[in-house]
Amino acid sequence: MEDKRTIIAIVLSIVVLIGWTHLAEYMGWVQPRTQEARQEAAPSPAPTPEAVVSTAPATPAPVFTPAPGREVKVETPLYSAVIYTGGGVLRSFTLKNYKSDLQSDSPLVNLVSPDAALTSPMGVTVNGQASWSVGSWSFDGGDLALAPGEAKSLTFIGMVDGVRVTRTLTFHADTYLISENLLVASADATPRSARLGFVVAASPFGEGAYDPTRLAWDSNGSFEEETSADTLMKTGIIETGTFNWAGVMSNYFMNVVSPADPLQLTLRGRVQGEVWRAGLERPEFVTPVQGETPVAVNWWFGPKVRTLLEEAPGNLSNAVHFGIFSFIARPLLAMLNFFHTYVGNWGIAIIILTCCIRFFFWPLSQKSYKSMEQMKKLQPMMKKLREKYGNDKQALNREVMQLYRTYKVNPAGGCLPILVQIPVFIGLYQALLNSIELRHAAFIRYLPFTDIVWLADLSAADPFYITPILMGATMFLQQWITPAAGDPTQQKIMMFMPLVFFFMFLNFPAGLVLYWLCNNILSVGQQWWMLRKS
């Protein structure tokens with residue numbers, strides 16, 4: 001009866017609501033919700049900063065005299081950049097502290113390759129047009145050389161589609177951030193519409209499956225990415241939203257643009273040939289008859305050094321992405337850096353961190369081993385129950401559960417402690433994978449008693465597969481001494497797992513394999529101690 005009353009009350013409520021809506025529209029109390037009315041009622045985007053921004057004082061603009069484009073160089077302690085004055089676009093950007101590979105004569109990392117330079121990274125589009133190719137530009141200045149602590153600027157003035165654009169790029173000696181202030185004005189006394197876009201590009205600088213090149217962006221604080229080159233070649237991406245930054249990156253390097261104003265932008269990304277491109281376009285605004293409209297933007301061409309990114313504006317620190325377990329990865333990485341400051345070797349720091357993690361999970365591991373030992377003792381009784389009840393699954397399950405209750409055994413006791421440790425492994429995996437400190441960081445540079453290069457780069461795979469083989473062997477030993485539970489088929493499957501892990505870890509970065517190897521050795525030691533004690 002109560003159910004019927006409830007249903008009747010819900011139906012009457014709906015009838016009243018619908019009836020009231022139609023009655024109000026009929027009486028003229030509210031306007032009908034036509035398609036046009038719904039569109040008008042939809043939330044309109046917030047006014048763009050250009051709509052409310054105060055323009056720069058109306059001072060006479062300097063006489064514009066177009067000049068042929070030429071290259072200027074910017075030298076800082078961190079990088080060497082070459083900029084083309086015909087638009088202020090990059091021709092190259094060489095990092096002074098990072099080499100392409102481990103060879104002593106290896107070239108320095110250039111984040112703007114010759115192919116990428118053809119697409120004019122750090123270029124500005126005006127009304128969808130490439131200002132560096134359709135506009136006229138002037139430049140009055142020369143090469144820059146920055147000493148530590150200094151900041152210096154270059155100014156480029158261009159005329160594009162009746163719009164005068166003044167680009168002032170400020171370079172800082174102690175960071176990879178490039179600050180830009182633009183002044184946008186009409187080239188004559190006529191108000192002009194202006195829609196600015198900012199372009200970054202790069203050739204793939206990721207190495208292998210564990211360090212892919214990707215397009216990435218921060219959408220209102222959320223890290224997003226597209227790693228499929230096929231998708232970006234065929235369809236590209238177009239997104240609209242509030243973006244803190246966008247660009248091209250790998251695990252260790254990135255070329256990104258970051259608007260200084262939070263507003264609705266359009267993101268476009270594409271792969272053309274071998275070049276990955278991304279651009280952010282601002283909403284259209286109208287230049288004043290007199291004065292200039294200021295627009296600010298930041299660029300980052302450089303390594304993903306967390307300490308520097310945390311000091312940069314635009315939430316750039318979010319570009320170092322650790323996934324859903326970042327709350328675990330970040331403290332683990334902080335501990336790793338702490339250990340490294342004392343031992344001076346990233347491999348030894350990983351071993352110390354592994355020992356600390358193992359010590360923290362020691363009680364859980366103890367419970368896991370005890371549970372597996374108890375399960376082993378119940379195997380003969382469980383075998384008899386299977387013989388007794390045969391195919392009667394319901395009766396068998398009932399008796400097995402009664403057996404667990406009688407002997408106070410938790411069948412999940414051996415698995416739960418291991419499951420708890422999985423987020424820690426994933427967090428550490430992401431921490432090691434995205435830590436630029438491990439790039440070209442050596443553990444044991446040469447094979448003992450030889451001059452053959454071995455673990456000279458913890459971010460790359462072991463070239464001789466020695467650590468994966470040792471890892472598989474220790475995992476096999478761990479399975480062999482673990483109390484066997486379950487039927488013989490399950491036991492055979494478990495003994496096969498080390499082989500699966502061996503092939504899976506063959507091409508893992510050596511730093512990750514080193515962690516897993518050390519963890520296995522400690523596990524074997526703990527199990528051996530448990531067996532001796534029991």
Side-chain angles (χ1 to χ4, degrees), residues 78 95-99 101-104 106 207 210-211 251-252 303-310 317 320 322 325-362 365 421 423-471 473-475 505 508-526 529:
L78 299 178
L95 305 179
K96 294 184 176 180
N97 298 324
Y98 298 90
K99 290 188 174 184
D101 55 51
L102 292 172
Q103 302 300 321
S104 58
S106 172
E207 301 173 0
Y210 297 102
D211 184 20
N251 290 350
Y252 306 120
K304 295 161 73 171
V305 180
R306 294 184 306 281
T307 53
L308 295 179
L309 289 171
E310 287 167 359
S317 60
V320 183
F322 296 113
F325 294 115
S326 61
F327 65 97
I328 295 174
R330 292 185 185 278
L332 289 177
L333 196 52
M335 291 176 62
L336 187 66
N337 278 273
F338 174 77
F339 295 139
H340 179 262
T341 58
Y342 288 96
V343 298
N345 183 296
W346 287 105
I348 296 175
I350 290 173
I351 293 173
I352 296 174
L353 180 61
T354 307
C355 293
C356 291
I357 294 173
R358 194 69 200 179
F359 177 79
F360 180 79
F361 284 112
W362 183 277
S365 300
Q421 298 179 53
V424 175
F425 170 72
I426 297 175
L428 184 60
Y429 170 86
Q430 290 292 343
L432 297 179
L433 204 62
N434 291 280
S435 175
I436 194 168
E437 294 90 339
L438 266 66
R439 183 183 183 271
H440 295 177
F443 174 35
I444 304 174
R445 186 175 295 275
Y446 301 102
L447 278 172
F449 313 110
T450 73
D451 58 354
I452 301 174
V453 176
W454 183 29
L455 297 180
D457 184 1
L458 289 172
S459 69
D462 184 335
F464 304 111
Y465 307 115
I466 295 173
T467 49
I469 291 172
L470 292 175
M471 187 276 300
T474 55
M475 194 171 184
F505 275 65
F508 262 40
L512 295 170
V513 182
L514 178 62
Y515 162 75
W516 199 260
L517 171 60
C518 294
N519 189 64
N520 283 355
I521 292 173
L522 293 173
S523 297
V524 169
Q526 185 178 7
W529 182 78

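Source: prediction; values computed, not measured.
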Phe425 side chain near Asn519 side chain, heavy-atom distance below 4.5 Å
no

Do Leu333 and Ser435 touch side chain to side chain, with heavy atoms closer than 4.5 Å?
yes

Going by heavy atoms in the side chains, are Tyr446 and Val453 under 4.5 Å from each other?
yes

Tightest non-hydrogen contact, residues Ser459 and Arg439, listed as OG-CA, 3.6 Å

State, yes or no, whether a side-chain contact exists between Tyr210 and Leu512 at a heavy-atom distance under 4.5 Å.
no

Do Ile452 and Trp454 come close enough that some side-chain heavy atom pair is under 4.5 Å?
no

Nearest heavy-atom contact between Asn97 and Leu78 is ND2-CD2, 3.8 Å

Check: Ile436 main-chain N/O paired with Lys304 side-chain donor or acceptor under 3.5 Å
no

Tell me, with the steps shown, if Asn337 and Trp346 meet side chain to side chain contact (heavy atoms under 4.5 Å, CB included).
CA-CA 8 Å; Asn337 278 273; Trp346 287 105; 3.3 Å; yes

When rounded to the nearest 0.5 Å, the distance separating CG of Leu433 from OH of Tyr252 is 6.0 Å

Polar side-chain atom of Asn345 near backbone of Phe443 as donor-acceptor pair, under 3.5 Å
yes

Does the side chain of Leu95 come within less than 4.5 Å of Pro303's, by heavy atoms?
yes

Tightest non-hydrogen contact, residues Val343 and Ala349, listed as CG2-N, 4.0 Å

Can you name the closest pair of heavy atoms from Leu522 and Cys355 and give their distance?
CD1-CA, 3.9 Å

Inter-residue atom distance Phe338.CZ - Ile352.CD1, 0.5 Å rounding
10.0 Å

Would you find more than 12 non-hydrogen atoms of other residues, nucleotides or ligands less than 6.0 Å from Phe327 atom CZ?
yes

Yes or no on side chain to side chain contact (heavy atoms under 4.5 Å, CB included) for Ser523 and Met475, after CA distance, side-chain angles and deciding distance?
CA-CA 9 Å; Ser523 297; Met475 194 171 184; over 6 Å; no

In the structure I gave you, are the side-chain heavy atoms of Met471 and Asp462 within less than 4.5 Å of one another anywhere?
no

Are the aromatic rings of Phe325 and Tyr429 close, with centres under 6.0 Å apart?
no

Which heavy atom of Ala431 sits nearest a heavy atom of Ala329, and at what distance?
CB-O, 3.8 Å

Asn434 side chain to Gln430 backbone, donor-acceptor under 3.5 Å:
yes

Can you tell me how far apart CD (Glu437) and CG (Leu458) are? Round to the nearest 0.5 Å.
12.0 Å

Say you draw a straight line from CZ of Arg306 to OG of Ser317; how long is it, rounded to the nearest 0.5 Å?
11.0 Å

Can you see which heavy atom on His440 is nearest to which on Asp457, and at what distance?
N-OD1, 2.7 Å

Do Phe360 and Val424 come close enough that some side-chain heavy atom pair is under 4.5 Å?
no

Could you give the distance from CG (Leu336) to OG1 (Thr354), rounded to the nearest 0.5 Å?
9.0 Å

For the OG1 atom of Thr467 and the CD1 atom of Ile469, what is their distance to the nearest 0.5 Å?
8.5 Å

